[in-house]
Amino acid sequence: MYRDIQRQDQNIYQLLLQEEKRQQDSIRLIPSENYVSKAVREATGSCLTNKYSEGYPQKRYYEGQQITDQIETIAIERAKKLFGADHACVQPYSGSVANVAVYTAFAEPGDTIMGLALPFGGHLTHGWKVSVTGKFFNAVQYELDPDSDRLDYDAIEKMAIQHKPKVIVSGATAYSRIIDFERFGAIAKKVGAFHFCDMAHIAGLIAAGAHPNPVPYADVVSTTTHKSLRGPRGAMILCKEEHAKRVNKAVFPGMQGGPHMHTITAIAVALGEASTDSFKQYGRQVVKNAARLAQKLMEFGFDIVSGGTDNHLILMDLRSKGMLGKKLAKALDSAGIVTNYNTIPNDPAKPFNPSGIRIGTPAVTTRGMKEEQMDTIAELFNEVTANVEDENAIANAAEKVKQLCSQFPVPDSFVS
Ligand code: DSN
């Protein structure tokens, strides 16, 4: 692979090689990242990048759609089947764009929307004030229960009754517990709101049957396609049939022009993969690995927000280690363990240098790592944390990281 780039553009070629190597030689624990298959990468780089297809299958504004219509229809049908949805729109360019499209489909500017506040694990597009979703809508934000660091459904219901939002958002980017989508659906119904679930982080777990599916309980569901779902960078919106037209219209022409057909092709391929038994095994192993990693980290004295995890993600509170997230994340990165620093609930520190670190197990699970390797990762984590200022200790940990990675090669790397 990359032969033509090598001939044509040495700068980019060298950087691609370095990035392939970085991904091979590091333990990638950012919970929203993964490794896609060669088939997904081939589809992403296919001739479909050359095609414009404004509109939807059988209703386009450009000719030459003999193939694109078939590909997009396959992606739609696979998405519907995998998640049990009436309708799927596979055109959103990204999760953020999908989410904004959902609000514009179900609310008017100035209407009240209600989602989990970003410092408590919500996404920017769940109504946080610096996002367009917090500026164009009247966003009210729920938080986690201060004692359990879990969603407090009674408090959410109370807030919904008080504010009567048009849209209630369930879903998160830094929440490690099972989300009760049925309860969210009931709350939305009670106050006459639409229930919008953003399942981006856990879509792969849902496809694998390792987390409850929001589709039966939500009017509309968005997801990115590249996190635990292990597809290309893109997004989809699923909804009940009665909302199909408004969702499609909100995406095109509401938010976007021409869909990225190469991405849609790769989404179709990824959804095919996600319906296999081996994907189900991967999804279940992601959860088992996260549980084991959390347990081992707690044995090393790390504080885990909410005391553990039910999904792919672990949020660590570093205050008991007397350290802020950025410092540890940078030391870990030097050792080849890639994480992201993150706010914790009621974080006393600033968001750019918060008290937490967020980790997850999708990428290491894709490499074939299991519980035994989670123990090793926890040990390495602990080693780096105890020696953040010690370059020799970090170099020593980096060697062990490389050794571990070499035993679990990236399944479909383009470079060996
Ligand atoms: N940036 C993503 C994440 O890392 O969770 C959310 O979109």
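For ligands, and for the atoms within them, numbers begin at 1 and follow the listed sequence. Residue indices begin at 1 and follow the sequence shown.
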Kindly list each side-chain donor-acceptor pair under 3.5 angstrom involving residues 200-216, sequence neighbours excluded, with atom names and distances?
unit_1: His201; atom_1: ND1; unit_2: His312; atom_2: NE2; d: 2.9
unit_1: His201; atom_1: NE2; unit_2: Thr173; atom_2: O; d: 3.4
unit_1: His201; atom_1: NE2; unit_2: Arg358; atom_2: NH1; d: 3.4
unit_1: His211; atom_1: NE2; unit_2: Ile179; atom_2: N; d: 3.4
unit_1: Asn213; atom_1: OD1; unit_2: Val215; atom_2: N; d: 2.9
unit_1: Asn213; atom_1: ND2; unit_2: Phe83; atom_2: O; d: 2.9

May I have a table of the N/O to N/O pairs between ligand 1 and the protein that fall below 3.5 Å, each row giving the two atom names and the distance to 0.1 Å?
unit_1: ligand 1; atom_1: 4 (O); unit_2: Ser32; atom_2: OG; d: 2.6
unit_1: ligand 1; atom_1: 4 (O); unit_2: Arg358; atom_2: NH2; d: 2.7
unit_1: ligand 1; atom_1: 5 (O); unit_2: His201; atom_2: NE2; d: 2.6
unit_1: ligand 1; atom_1: 5 (O); unit_2: Arg358; atom_2: NH1; d: 2.9
unit_1: ligand 1; atom_1: 5 (O); unit_2: Arg358; atom_2: NH2; d: 3.4
unit_1: ligand 1; atom_1: 7 (O); unit_2: His123; atom_2: NE2; d: 3.1

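Aromatic rings from Phe302 and Phe381 are positioned such that their centres are separated by under 6.0 Å.
Looking at His126, its side chain does come within 3.5 Å of a backbone N or O of His123 through a donor-acceptor pair. Remark: the backbone N or O of Ser228 is paired with a side-chain donor or acceptor of Tyr282 at under 3.5 angstrom.
For the atom pair Ile74 CD1 and Ile264 CD1, the distance stands at 12.5 Å (nearest 0.5 Å).
Screening Ile27, Leu332, Ile30 for a side-chain contact (heavy atoms from CB on, under 4.5 Å) with Val338, the sole residue that qualifies is Ile30.
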